[in-house]
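Below: the structure, in structure tokens.
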Amino acid sequence: MAKLFARLAAVAAAGTLIAASSVAGAQDMDTVKVASAQRGLWTTTLVYFGNEKGIFEKHGLNLEIHWADGGANTQQAVISGAADVAVATGTLGAITAWARGAPVQIIASDFTGGSDLFWYVRGDSEIEKVADLDGHSVSFSRPGSSSHLMAQGVVDNAGVDAEMVPTGGPSATLTAVMSGQVDVGWTAPPTVEEELANGKIRLLFTGNDAPGISDQSVRVDIANRAFLEEKEEVAKRFLAALKETIDWAYDTDEAVEMWAQMHDVSVEVAKAARDRGYPRSAMVLKPVSGVDLSIEQAVASRRLDAPLTDAQVTEMLKWVDMLNK
């Protein structure tokens, strides 16, 4: 498993662009450049599976998918215009970027709650519970990511003095934990199943242990503002195809079979991991939930100087209703 994620991380580090659709007649289709973080996780990789299935092609779309290493990198790709859309990026980072005047708009909710992320320690760690985290290091992927939001929420709620450390993806994080560079690692199903089973690591807490997280859109999909203003109809088709992909991924086992093959695990293991970590109810594209909490967290972490006004929130989320009919 670790070797698989090492290979995936190498692909992301190289900034590989995957021309995910090379169908004859693609010149008659609209190309959408998509940034996604952490290739291999269920929510971040569904867009790839749906494209492989031909769902986006059916909607007249040719996707170019760029894999990044964390939500902050996907946001930067959209801000710079290198990507038209980013999926599964941290809500906290997206709100902060918008409030600071970056040319980005939230276009959909990606995932609600924290059931898909969990934190662990080595099997021989002295840490037994969250209250033991004083003086220890706790990992997350990148600043502003959903893993950052959740880990910080758990630490703050426990009132412990822990060092928050960005460690990138699950593979790099597992290496950091096992080598003693960081005390608490983060990951998502179906990764580290083998390490959990053989006792090399122990579960410490999940994202839903952070206050308010279970009802909060912790990740969102965003788009470059110029892309939306110039190609609103293309953006609508992209989200329609994404919704169809989500329905297909839960109505059939095809996507989970692709996921199992990607991770070299059995379909049974992959399906159990999907159902445990990624309930269908968490994958709705609208509404974007828990925005007030996200803004409160952004202010508390000094990403925002003051809460957004009601008018600003309406402006920030206007594309969600416009595009998701």
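Here the closest heavy-atom approach between residue S109 and residue P287 is recorded as CB-O, 3.6 Å. Across P190 and W259, no two heavy atoms sit closer than the pair CD-CZ2, 2.9 Å. Nearest heavy-atom pair, W119 versus G207, reported as atom, atom and distance to 0.1 Å: CZ3-N, 3.8 Å. Among all heavy-atom pairs drawn from W98 and L308, the shortest one is CZ3-CD1, 4.3 Å. The heavy-atom pair separating V256 from V267 by the smallest distance is CG1-CG1, 4.2 Å. The minimum heavy-atom distance between G114 and I213, with the atom names listed, is N-CG2, 3.5 Å.
Of the N and O atoms on the side chains of S294 and Q216, at least one donor lies less than 3.5 Å from an acceptor on the other residue. In summary, the side chains of T91 and S217 do not present any donor paired with an acceptor at a separation below 3.5 Å, with no hydrogens or angles considered. With hydrogens and angles left out, the side-chain atoms of T112 and S289 include no donor and acceptor closer than 3.5 Å.
Separating the CZ atom in R237 from the CG atom in D30 is a distance of 4.5 Å, to the nearest 0.5 Å. Here L174 contributes atom CG and R122 contributes atom CZ; the two are 11.0 Å apart, rounded to the nearest 0.5 Å. For the atom pair D321 CG and T314 OG1, the distance stands at 10.0 Å (nearest 0.5 Å). Here the straight-line distance linking atom CG of N51 with atom CD of E64 works out to 10.5 Å at 0.5 Å rounding. Here the CD atom belonging to Q152 is positioned 4.5 Å from the CE atom belonging to M164, to the nearest 0.5 angstrom. Interatomic distance, D264 CG to E194 CD, rounded to the nearest 0.5 Å: 10.0 Å.
Looking at R39, its side chain never comes within 3.5 Å of a backbone N or O of H66 through a donor-acceptor pair. Without hydrogens or angle criteria, S139 side chain to V184 main chain gives a donor-acceptor distance under 3.5 Å. Using modelled atom types, one side-chain atom of R100 and one backbone atom of R303 make a donor-acceptor pair closer than 3.5 Å. With hydrogens and angles disregarded, no donor-acceptor distance shorter than 3.5 Å links the side chain of S146 to the backbone of G90. Remark: side-chain polar atoms of Q105 are paired, donor with acceptor, to backbone N or O of M316 under 3.5 angstrom. Looking only at distances, a side-chain donor or acceptor of H263 sits under 3.5 Å from a matching main-chain atom of G40. A side-chain donor-acceptor contact under 3.5 Å links S36 to the backbone of T44. Listed for the N157 side chain is no donor-acceptor partner under 3.5 Å among the backbone atoms of G153. Side-chain atoms of N62 do not come within 3.5 Å of backbone N or O of E57 as any donor-acceptor pair. A donor-acceptor pair is defined here as one N or O able to donate and one able to accept, closer than 3.5 Å; such a pair exists between the side chain of D209 and the backbone of T206.
Side-chain atoms of E128 and R202, non-hydrogen and from C-beta on, do get closer than 4.5 Å to each other. Residues F238 and L63 have side chains in contact (heavy-atom distance under 4.5 Å, counting atoms from C-beta outward). Side-chain contact check for F118 versus T187: some heavy-atom pair is nearer than 4.5 Å. The shortest distance between side-chain heavy atoms of I295 and V313 falls below 4.5 Å. Contact annotation: the side chain of T45 approaches that of W67 to within less than 4.5 Å [non-hydrogen atoms, C-beta and beyond]. Looking at L133 and I127, their side chains come closer than 4.5 Å, going by heavy atoms from C-beta outward. Between E244 and K58 the shortest side-chain heavy-atom distance falls below 4.5 Å. Two residues are said to be in side-chain contact when any heavy atoms from C-beta on lie closer than 4.5 Å; I107 and V85 meet this criterion.
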Practice prompt. I would like to know whether T173 and Y120 meet side-chain contact (heavy atoms from CB on, under 4.5 Å); could you show each step before the answer?
Written response: CA-CA 10 Å; T173 300; Y120 60 89; 3.9 Å; yes

Practice prompt. Give the C-alpha distance, both sets of side-chain angles, the deciding distance and a yes or no for side-chain contact (heavy atoms from CB on, under 4.5 Å) between D221 and L285.
Written response: CA-CA 9 Å; D221 301 331; L285 297 182; 4.2 Å; yes

Item to complete: Go through the steps to decide whether D84 and N224 satisfy the test side-chain contact (heavy atoms from CB on, under 4.5 Å), and finish with yes or no.
Response: CA-CA 5 Å; D84 302 314; N224 181 276; 5.6 Å; no

Worksheet item: When you look at D253 and K271, which way does the side-chain contact (heavy atoms from CB on, under 4.5 Å) test go after all the steps?
Response: CA-CA 8 Å; D253 287 340; K271 191 172 184 179; 3.4 Å; yes

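W248 and V284 are assigned to two separate hydrophobic clusters, defined by single-linkage of ILVMFWY side chains at heavy-atom distances under 4.5 Å. F227 and V47 fall within a single hydrophobic cluster, where Ile, Leu, Val, Met, Phe, Trp and Tyr are joined by side-chain heavy atoms under 4.5 Å apart, directly or via other members. By the criterion of side-chain heavy atoms lying less than 4.5 angstrom apart, applied directly or through intervening Ile, Leu, Val, Met, Phe, Trp or Tyr residues, V32 is not grouped with I106; the two fall into different hydrophobic clusters. Under the 4.5 Å side-chain heavy-atom criterion for ILVMFWY residues, no single connected hydrophobic cluster contains both L239 and V288. Tracing side-chain contacts under 4.5 Å through hydrophobic residues (I, L, V, M, F, W, Y), one reaches V87 starting from V218; they form part of the same cluster.
The aromatic rings of Y278 and W42 sit tilted, their planes meeting at an angle between 30° and 60°.
Using a 4.0 Å cut-off between charged side-chain N and carboxylate O, K236 and E233 make no salt bridge. Between D275 and R280, none of the side-chain N atoms (NZ, or NE/NH1/NH2) sits under 4.0 Å from a carboxylate O, so this pair counts as no salt bridge.
Each salt bridge (charged side-chain N to carboxylate O under 4.0 Å, His left out) pair with one or both residues in residues 130-140, not counting sequence neighbours, appears once here: K129-D132.
By the 4.5 Å side-chain criterion applied to Ile, Leu, Val, Met, Phe, Trp and Tyr, L293 is assigned to no cluster and stands alone.
In the displayed structure, K286 atom NZ is contacted under 6.0 Å by more than 12 heavy atoms of other residues, nucleotides or ligands. Within a 6.0 Å sphere centred on CG of D305, other residues, nucleotides and ligands contribute 12 heavy atoms or fewer.
The salt bridge (Lys or Arg N to Asp or Glu O under 4.0 Å) with D116 is formed by just one residue from the set R276, R274, R219; it is R219.
For W186 and F140, the ring centers are positioned 6.0 Å apart or more.
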